[in-house]
Colleague: 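Starting off with a structure, shown below.
The shown structure was predicted, so the numbers you read here are calculated from the model rather than taken from an experiment. The figures that follow rest on heavy atoms only: side chains count, while hydrogens, waters and symmetry mates do not.
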Amino acid sequence: LALCITTFQDALKHYLKLALDDYEAKGCATDGEARGQWVIRVDAAQTALVLNCLFWVRLVEDSFDEYKAGHRSACEQAWQRSAELLRALITVTQTALDKRARQKVMCMITLDAHNRDVQERLVR
């Protein structure tokens, strides 16, 4: 059983690294359309969800750093960026998707909506 768990963990790390490299290469942190296509291409859905959370945390933490440095609208701009990325994912659902791709996109929309709401409470 231990070998099975280790193998599974190694496989997830492998797919996470591939997905991370692709996410960064495609500019998905700032391009909602590219991000929507990226999530469809990701082989392991778990890696897409992990990276989605990772990049959201980076966005929010970077906005906190900018706020501390005197950029008073940084948190609101990050919130707006989150909303833009969410809207782009919603647009992806309006296209022809197979069941697997639709499920991945819908999971990311759920996470993005919750994340956007958290940011909104910080901004308001």
Colleague: I need the H71 NE2 to S63 OG distance, nearest 0.5 Å.
Modeller: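 Result: 10.5 Å between the selected atoms.
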Colleague: Could you list the residues that satisfy ring pair (Phe, Tyr, Trp, His ring centres under 6.0 Å) with W38, not counting sequence neighbours?
Modeller: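 With neighbours one apart ignored, the set is Y23.
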Colleague: Please determine whether the number of non-hydrogen atoms from other residues, nucleotides or ligands lying under 6.0 Å from atom CD of E33 exceeds 12.
Modeller: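 Result for CD/E33: open.
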Colleague: Would you call D31-K26 a salt bridge at under 4.0 Å N-O?
Modeller: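 So D31 does not pair with K26 through a salt bridge.
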Colleague: Return yes if some donor-acceptor pair links the side-chain N/O of R81 with the main-chain N/O of L59 below 3.5 Å, else return no.
Modeller: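 No, the answer is negative, given that no donor and acceptor are paired below the 3.5 Å cut-off.
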Colleague: Can you tell if the side chain of F64 reaches within under 4.5 Å of the side chain of L122, non-hydrogen atoms only?
Modeller: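 SC-SC contact between F64 and L122 confirmed.
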Colleague: Run the side chain to side chain contact (heavy atoms under 4.5 Å, CB included) test against D21 and tell me which residues pass, sequence neighbours left out.
Modeller: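 If we apply the side chain to side chain contact (heavy atoms under 4.5 Å, CB included) test to D21, skipping adjacent residues, the hits are K17.
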Colleague: Do you reckon M106 sits in the same ILVMFWY cluster as L111, going by side-chain contacts under 4.5 Å, direct or chained?
Modeller: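 Yes: a chain of side-chain contacts under 4.5 Å links M106 to L111.
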Colleague: Are L49 and L54 connected into the same hydrophobic cluster when the rule is that any two of I, L, V, M, F, W, Y join if their side-chain heavy atoms are below 4.5 Å apart?
Modeller: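 Yes, same cluster.
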Colleague: Nearest 0.5 Å, please: how far is CG in L85 from SG in C28?
Modeller: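 If we round to the nearest 0.5 Å, C28:SG and L85:CG are 9.5 Å apart.
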Colleague: Taking atom CG of N115 and atom CH2 of W56, what is their separation to the nearest 0.5 Å?
Modeller: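 Between N115 CG and W56 CH2, I get 4.5 Å after rounding to 0.5 Å.
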Colleague: Quick check for you: to the nearest 0.5 Å, what is the distance between L16 atom CG and L20 atom CG?
Modeller: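 One gets 6.5 Å once the value is rounded to the nearest 0.5 Å.
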Colleague: Using side chain to side chain contact (heavy atoms under 4.5 Å, CB included) as the criterion, list what pairs up with V57, not counting sequence neighbours.
Modeller: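 Side chain to side chain contact (heavy atoms under 4.5 Å, CB included) list for V57, sorted by chain: E61.
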Colleague: Among residues two or more places apart or on two chains, list those pairs meeting side chain to side chain donor-acceptor pair (under 3.5 Å) that have a residue in residues 85-106.
Modeller: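 Qualifying pairs, neighbours excluded: none.
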Colleague: Minimum heavy-atom separation for V123 and C75, please, with both atom names.
Modeller: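 Looks like CG2-O, 3.7 Å.
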Colleague: Within the structure provided, determine whether L86 and I90 are in side-chain contact (heavy-atom separation under 4.5 Å).
Modeller: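 Sidechains of I90 and L86: in contact.
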Colleague: Are more than 12 heavy atoms, taken from residues, nucleotides or ligands other than F55, located less than 6.0 Å from that residue's CZ atom?
Modeller: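 More than 12 within 6.0 Å, yes.
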Colleague: Can you see which heavy atom on A19 is nearest to which on T47, and at what distance?
Modeller: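 What the structure gives for the nearest pair is CB-OG1, 4.0 Å.
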Colleague: Is V50 reachable from Y15 through a run of hydrophobic residues whose side-chain heavy atoms are each under 4.5 Å from the next?
Modeller: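 No; V50 is not reachable from Y15 via cluster members.
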Colleague: Please round to the nearest 0.5 Å and tell me the distance separating atom OG of S82 and atom CD of Q119.
Modeller: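 Atom-to-atom, S82:OG and Q119:CD are 3.5 Å apart.
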Colleague: Holding to side chain to side chain contact (heavy atoms under 4.5 Å, CB included), I want the full list of residues that pass it with L89, two or more places apart in sequence or in another chain.
Modeller: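 By the side chain to side chain contact (heavy atoms under 4.5 Å, CB included) rule, L89 matches R35, V39, V105, M108, I109, D112.
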Colleague: Do you reckon W79 sits in the same ILVMFWY cluster as V60, going by side-chain contacts under 4.5 Å, direct or chained?
Modeller: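 No: no chain of side-chain contacts under 4.5 Å links W79 to V60.
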Colleague: Listed by chain and number, what are the side chain to side chain contact (heavy atoms under 4.5 Å, CB included) partners of T110, not counting sequence neighbours?
Modeller: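 Residues passing side chain to side chain contact (heavy atoms under 4.5 Å, CB included) with T110: H114.
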